[in-house]
Number of protein chains: 2
Amino acid sequence: MASQTEAITTSRKQSTQSGETTGHASNQSAPSAHPATGKRRSKYRHVAAYHSQARHSSLSRESEETISFLGFRNLMVLVLVAMNLRLIIENFMKYGVLICIKCHDYRKQDLVLGSILFALVPCHLFVAYLVELSAAAAAKQTVGRQKKTAEEKEHDQQRFRSDWRYTAFLHTVNATLCLAVTSFVVYFYIHHPGIGTLCQLHAIIVWLKNCSYAFTNRDLRLAYLNPSAESGLPEIYASCPYPQNITLNNLGYFWMAPTLVYQPVYPRSEGIRWPFVFKRLAEFFGLSVFIWLLSAQYAAPVLRNSIEKIAIMDIASILERVMKLSTISLIIWLAGFFALFQALLNALAEVMRFGDREFYTDWWNSSSLGVYWRSWNRPVYLFMKRHVFSPLVGRGWSPLAASGMVFFLSAVLHEMLVGIPTHNFIGNPYPPYSRLSLANSFIGVAFFGMMFQLPLIILTVPLEKKRDPLGKTIGNCIFWVSFCLVGQPLGALLYFFAWQAKYGSVSRMRT
Amino acid sequence: MASQTEAITTSRKQSTQSGETTGHASNQSAPSAHPATGKRRSKYRHVAAYHSQARHSSLSRESEETISFLGFRNLMVLVLVAMNLRLIIENFMKYGVLICIKCHDYRKQDLVLGSILFALVPCHLFVAYLVELSAAAAAKQTVGRQKKTAEEKEHDQQRFRSDWRYTAFLHTVNATLCLAVTSFVVYFYIHHPGIGTLCQLHAIIVWLKNCSYAFTNRDLRLAYLNPSAESGLPEIYASCPYPQNITLNNLGYFWMAPTLVYQPVYPRSEGIRWPFVFKRLAEFFGLSVFIWLLSAQYAAPVLRNSIEKIAIMDIASILERVMKLSTISLIIWLAGFFALFQALLNALAEVMRFGDREFYTDWWNSSSLGVYWRSWNRPVYLFMKRHVFSPLVGRGWSPLAASGMVFFLSAVLHEMLVGIPTHNFIGNPYPPYSRLSLANSFIGVAFFGMMFQLPLIILTVPLEKKRDPLGKTIGNCIFWVSFCLVGQPLGALLYFFAWQAKYGSVSRMRT
């Protein structure tokens, strides 16, 4: 009896087994009539052999077919949307509408001082221009003499060096003044952290442009004084050779162009497409409003609710708060990135007919933190590479030491950008408040946040170099977690807490 | 002066523009020395032309390069993990540990009745065997006579028809009794919904197997009585032709095999790999515990909290509850699917050496609801196709009408599976409770939930046929939202509410 339910192990065996058919099988049509099809169409509907061959479940490891999981990707997007929609409803039921245009107050002093700073900072570029103009005049004089004996050459070299010392001194004083005055005013006289951050950002950008202008022109001048094949300058500069580029027009273009790296000549686009400019500006303003709404309605309550948790150092609650904040801060971060680097810089580049729009590369695929820092903010990265990393390596520093220097400089600038406007810079001169001792323990978060990246970058270098997708995915996940899911919300929490501990909320500040 | 900062619009123009170089440019090395590289290595580090060509931002529409967004996929996974980790912490802070093995109580009567039902139900298969045995004996007698005049053939046909009426009557009584008795006992005497659902599931499976056994053997008998080329049976059946398959062994195999479609012969695997069986069983039990933990710790509080919101019909709150529930119910659903269809059925198939393991196909990629229903539960789909859809189409029904019939039958079975164990079947005979009038408005949710799919399927058929990925993605999203993000949690909420309205919580039921 058991033989009647006997196996047809594989479809290949079927042909041999059908030969064994005996008895009543001879009444049926010969099985070999349709050898190609396992199932044959019968007029009897209830007998079709739906289980006609051995198959594996598609999720089993034995399954040969590669299955697509695209549907699960769609599901993830939908679940994310649903979860956040739910949080929006929950937030609305808890707090109602928190957005209020008139509630936010600025001190008039902040606005006035901010405007003055915005007008004064670019003047330092004009001073740098004057310094370069006099240096160029001296260089022209040297070249003009055209007496090329060895002795005179040596004399020229010496003269260039003493000239450079003088020029460098003037540039340093000029640039440092720009940064120092702004930082001083923002730290002591501008209360509102938003206005303060804008002023600091502007001053740092101009400072970087100032540095790039001085360094680049120094090397151009050197190449001008010592023409030789090995000093070959980039082809693109040929249309505007050295002393010709020291003009107000040229500097003015560099001032407005979306780059921190000075070049006498840039690749330019054909013309200005105004619809493109307006679209990018619309994106920028739309996203700015979006970020403001998110901050006011979602980030602010989470930050406020977490104050007490931080004060009593309840680790589970801080973790919960950081996680709740991480989604919001991540969305704000992504929107801010797009608004600044895609929308605003592209609009500016279009207006300036600036050709090289590579303000970022695909940093979201970074397989390590190092790749991320090289790709998300190309203007600063290019500055650091050209004026810090490359010269240091040229002087014999190891690449690691040069990277460390870049990160140190970057950490200082980040701390200036965040610590000074929130009045949380190291060496806070304010008199001690009730919770200031705790608040003071958080100063320098941006600085140490940046410096802490260095060991993490060194640790994730092996992942960056891996060719297999798994290593890259792991590196990418480490990047997202350390940077966007933990680093940023934690930093925001700590700065907000330090601020609240000193001043209370922004809206209550007129006391 | 403006000409000094003049554009090099594209890198192609560079070569022509470099020819225009005049003045001090002649002091530099000829630009044509390295025509291939835009940047040439200079001993001066600060002059490198980092902006040497016009490029688009990679997120701009003009950008020619196709960029990968794999990093954002990783980010989505991480955000989902982070958001759910946060909910776990929040849940723990709110409720503590809710899991409690001893708290859940069963009535002894439920267990006794459930066991009796589990033992009795398969007996109906034995009755079906006896019915088929007598029918086969009669058929053998007919064939045995071997007198093939036209008159005798006509007589044989008539006799077959009257025999089939008699056989069909017996099968119907037998199968209906199986389902009716179980439903009656579960509805009136088994209080616990879990035990009730298991009993109902078992009875429905046996009922379906019963039907398939009767229908298939009827057609096999018909083919046996009228041997002809056009009645060609599947090749795979050749090793066990008609009357030989009516044995207890053969039926016993069908009873235990993971299929609802009766075939005299199935494709079989070579042997039993016991490690495979134990791995699958471990998966099944592990996932069962996981589902139980999720239900007790996360689903139960959400369901409890939503009772009042449903009672007062607060739409915003119900929406918020459904969304909160949707993630949990989705995870439970996916875990349950894997536990049943991948782990349990594969373990069973391995033990039974059942070869065709295609218990599902890639339903997660379904581009419409129709595709989903054809792919997620192959055993039921194959039953419906072979014993309902195909015969109805063979009788001249339109495919749409036949599909409608399949969905109607499926809806009835779903309602039996959910409505009867939760005592929410249509025509509830319980005396009216305080909130019963409201609870009664929810009965038949499973039935109408299924029937409502039909128009949705018809609406999404165009998406299913689309070739472009966008149409498929939209269809896939409609499927996920309608089915997993809204349909299931809403259904669970309504059944839970109806249950609570009648009985209060499961733990309070011994009153």
Side-chain angles (χ1 to χ4, degrees), chain A residues 1 4-5 7 18 21 24-25 27 29 31 40 44-47 49-51 54-57 59 67 71 74-76 78 82 86 89 215-216 219 227 229 232 234-236 238 240-241 244 247 249-250 253 261 266-268 320 323 342 355-358 362 364-365 382 390-391 394 476 480, chain B residues 1 4-5 7 18 21 24-25 27 29 31 40 44-47 49-51 54-57 59 67 71 74-76 78 82 86 89 215-216 219 227 229 232 234-236 238 240-241 244 247 249-250 253 261 266-268 320 323 342 355-358 362 364-365 382 390-391 394 476 480:
Chain A
M1 287 297 181
Q4 292 176 353
T5 51
S18 61
T21 312
H24 293 284
N27 288 337
S29 65
R40 269 167 306 149
Y44 305 116
R45 300 271 179 162
H46 293 288
V47 297
Y50 283 3
H51 300 293
R55 278 179 291 205
H56 291 295
S57 302
L59 290 177
I67 44 169
N74 298 336
L75 177 64
M76 281 202 300
L78 290 171
R86 187 188 77 79
I89 295 176
F215 282 129
T216 310
D219 273 8
E235 253 174 70
I236 190 175
C240 180
Q244 287 179 35
T247 67
N249 254 345
N250 188 295
Y253 184 81
V261 165
Y266 292 101
R268 302 286 289 274
E320 193 267 344
M323 279 173 173
Q342 170 67 12
D356 186 1
R357 312 281 169 93
E358 204 188 55
D362 59 339
W364 45 88
N365 297 325
L382 292 181
S390 175
N476 190 240
W480 282 116
Chain B
M1 286 296 183
Q4 292 175 354
T5 52
S18 62
T21 312
H24 294 282
N27 288 336
S29 66
R40 270 166 306 150
Y44 305 116
R45 300 272 179 163
H46 294 288
V47 296
Y50 285 3
H51 301 293
R55 279 179 292 205
H56 292 295
S57 301
L59 290 176
I67 44 170
N74 298 337
L75 178 64
M76 281 201 301
L78 290 172
R86 188 189 78 79
I89 296 176
F215 281 129
T216 310
D219 272 8
E235 255 176 67
I236 190 174
C240 179
Q244 288 178 33
T247 66
N249 254 344
N250 187 295
Y253 185 82
V261 164
Y266 292 102
R268 302 286 289 272
E320 192 267 345
M323 280 174 172
Q342 171 66 12
D356 186 0
R357 312 280 170 93
E358 203 187 56
D362 59 339
W364 45 87
N365 297 326
L382 291 180
S390 175
N476 189 241
W480 283 116

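Below, read A as the first sequence line, B as the second, and so on, with proteins coming before strands; counting in each chain starts at 1.
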statement: Among B:Val261, B:Leu78, B:Asp362, the residue with the most heavy-atom pairs under 4.5 Å to chain A is B:Leu78

- request: Please confirm whether the backbone N or O of B:Val47 pairs with a side-chain atom of A:Thr216, one donor and one acceptor, at under 3.5 Å?
  value: no

message: Is there a side-chain contact between B:Leu382 and A:His51 in this structure, where contact means two heavy atoms from C-beta onward sitting under 4.5 Å apart?
response: yes

- request: Go through the structure and list residues passing salt bridge (charged side-chain N to carboxylate O under 4.0 Å, His left out) with B:Glu320, not counting sequence neighbours.
  value: A:Arg86

task: Tell me, out of A:Met323, A:Arg55, A:Glu358, who's got the most heavy-atom pairs with chain B below 4.5 Å.
output: A:Arg55

field: Segment of B:Ile67 engaging chain A (4.5 angstrom heavy-atom cut-off)
entry: side chain

query: Minimum heavy-atom separation for A:Gly71 to B:Asn365, with atom names?
result: N-OD1, 2.7 Å

